Amino acid sequence: MFKKVKIAFLMTFSSMAFSGTVHIGVASNFIKTMQSLIVEFEKKTTHQVIASYASSGKLYTQILNNAPYDIFMSADQLRPQQLIQKDMAIKDSNFSYAQGQLLLISIYPKLNLQNIDEFITNKVKRISMANPKFAPYGRAAKEFLENNNFYIKNKSKIILGENVSQAIHYMSSGNVDMSLVGNSQWQSLKEKKEFHKLFIPENNYNPIFQDVILLKKASQNEAALSFLNFLKSEKAKQIIKSFGYKI
């Protein structure tokens, strides 16, 4: 009798643990937030999430080359739209799950937009930011520098990270003395007390809306559909806001 009960329990448990899997390509700026979302989602459902992290540009290229993703969580709106145009993604599934905020982090205190030119020109030796070719936060950083006439005259000081996570790693490891990254990266930085921060006013760069989209090949994947619904829930929004994003 005990043996039958045990077998039945194991069959039930196995069914619950593996009822569905969704593979998601996630922009690397969203790593910490996504890890918290996965914990909550897997706690509420019987589905499993496999997440792969890279810059939005790299993930987009991987999708074009048949990477096994069901959902794409980009750090911009452009690439999900391009997938719709290429008939690789479902238009109606597209929505913004977060809005990023650009932040300047520095070892120098009392930063403000009035003295930032003096700091960058005379004191800063190296500035890190994500590569604007692949990462929306890098593109926003470049827009800020260009709109304030800092980019050309300080171009030799700029160190490009493959993505925004690498850009802030240069800051925390002491390789640069100023960094332009997302507020969420600041939130996850352990050595906050060593640095000073300045929010860049949003009229200095185009808004960083982060969009999600379901790929066509996953249109019948229940785990993928369930995750998209969860991403719209108040609990998910609460988690996203707690990591420094706007919604």
Side-chain angles (χ1 to χ4, degrees), residues 25-34 52-64 72-86 89 94-106 113 116-117 120 124 126-171 175-176 178-189 197-213 240 243-247:
V26 187
S28 56
N29 72 290
F30 208 64
I31 291 176
K32 296 287 186 183
T33 315
M34 188 64 182
S52 298
Y53 303 98
S55 69
S56 298
K58 282 202 166 186
L59 291 168
Y60 174 74
T61 301
Q62 289 172 358
I63 290 168
L64 295 183
F72 176 33
M73 295 178 70
S74 183
D76 66 4
Q77 295 182 301
L78 174 64
R79 291 179 177 90
Q81 288 300 318
Q82 289 175 329
L83 290 175
I84 293 171
Q85 291 166 7
K86 290 180 181 295
N94 181 214
F95 64 92
S96 296
Y97 62 89
Q99 182 181 354
Q101 297 174 280
L102 188 64
L103 196 66
L104 190 152
I105 303 172
S106 175
L113 281 186
I116 197 70
D117 189 14
I120 292 178
V124 173
R126 289 183 294 271
I127 310 166
S128 67
M129 56 187 249
N131 191 328
K133 289 183 180 178
F134 306 114
Y137 284 84
R139 186 169 63 244
K142 185 180 179 186
E143 288 170 357
F144 161 66
L145 294 172
E146 286 180 333
N147 290 338
N148 291 278
N149 300 315
F150 303 150
Y151 186 73
I152 296 297
K153 62 182 178 183
N154 294 290
K155 198 172 181 180
S156 62
K157 299 180 179 180
I158 296 174
I159 309 296
L160 295 180
E162 185 174 305
N163 51 49
V164 73
S165 297
Q166 191 174 56
I168 201 165
H169 173 71
Y170 289 144
M171 188 77 203
N175 289 312
V176 302
M178 185 173 277
S179 185
L180 282 158
V181 294
N183 183 38
S184 56
Q185 280 69 52
W186 166 262
Q187 298 285 350
S188 61
L189 194 63
K197 66 175 181 177
L198 172 68
F199 278 100
I200 304 300
E202 293 177 358
N203 59 359
N204 284 262
Y205 58 93
N206 288 313
I208 310 170
F209 289 113
Q210 302 195 187
D211 275 20
V212 62
I213 198 156
I240 293 169
F243 281 87
Y245 294 96
K246 295 166 64 178
I247 296 183

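For clarity, every value in this text was computed on a predicted model and none was experimentally measured.
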Just verifying a value: how many Å separate [X] [atom1] and [Y] [atom2], rounded to the nearest 0.5 Å?
X: L180; Y: Y205; atom1: CG; atom2: OH; value: 10.5 Å
X: S156; Y: I127; atom1: OG; atom2: CD1; value: 9.0 Å
X: I84; Y: R79; atom1: CD1; atom2: CZ; value: 14.5 Å
X: M34; Y: S52; atom1: CE; atom2: OG; value: 10.0 Å
X: F72; Y: I213; atom1: CZ; atom2: CD1; value: 9.5 Å
X: L160; Y: F134; atom1: CG; atom2: CZ; value: 10.0 Å

Say whether, by atom type as modelled, one donor and one acceptor occur between the side chain of [X] and the main chain of [Y] under 3.5 angstrom.
X: K157; Y: I120; answer: yes
X: Y97; Y: S74; answer: yes
X: R126; Y: I159; answer: no
X: E143; Y: N206; answer: yes
X: N183; Y: Q101; answer: no
X: Q185; Y: N29; answer: yes
X: K197; Y: W186; answer: no

Exercise. For residues D117 and N148, is any side-chain donor paired with an opposing acceptor at under 3.5 Å?
Worked result: no
Exercise. Do D211 and N94 get their side chains close enough for a donor-acceptor pair, meaning under 3.5 Å?
Worked result: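 Looking only at side-chain atoms, N94 and D211 do form a donor-acceptor pair, the distance falling under 3.5 Å.
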Minimum heavy-atom separation for [X] and [Y], please, with both atom names.
X: S28; Y: S165; value: O-OG, 3.2 Å
X: V176; Y: S128; value: CG2-OG, 3.6 Å
X: N163; Y: S55; value: CB-CB, 4.1 Å
X: Q77; Y: S96; value: NE2-OG, 3.5 Å
X: I208; Y: P136; value: CG2-CB, 4.4 Å
X: A75; Y: Y137; value: CB-CE1, 4.4 Å

Do [X] and [Y] come close enough that some side-chain heavy atom pair is under 4.5 Å?
X: M129; Y: L102; value: no
X: L64; Y: K86; value: yes
X: L103; Y: S184; value: no
X: Q99; Y: P207; value: yes
X: N154; Y: L145; value: no
X: L83; Y: Y60; value: yes
X: K142; Y: Y151; value: yes

For this session: Show your working on side chain to side chain contact (heavy atoms under 4.5 Å, CB included) between D76 and R139 and close with a plain yes or no.
Result: CA-CA 10 Å; D76 66 4; R139 186 169 63 244; 3.8 Å; yes
For this session: Go through L198 and M178 one step at a time and tell me if the side chain to side chain contact (heavy atoms under 4.5 Å, CB included) criterion holds.
Result: CA-CA 11 Å; L198 172 68; M178 185 173 277; over 6 Å; no
Exercise. Quick one: which of Y245, Y53, F243 gives a ring-ring contact (aromatic ring centres under 6.0 Å, His included) with F30?
Worked result: Y245
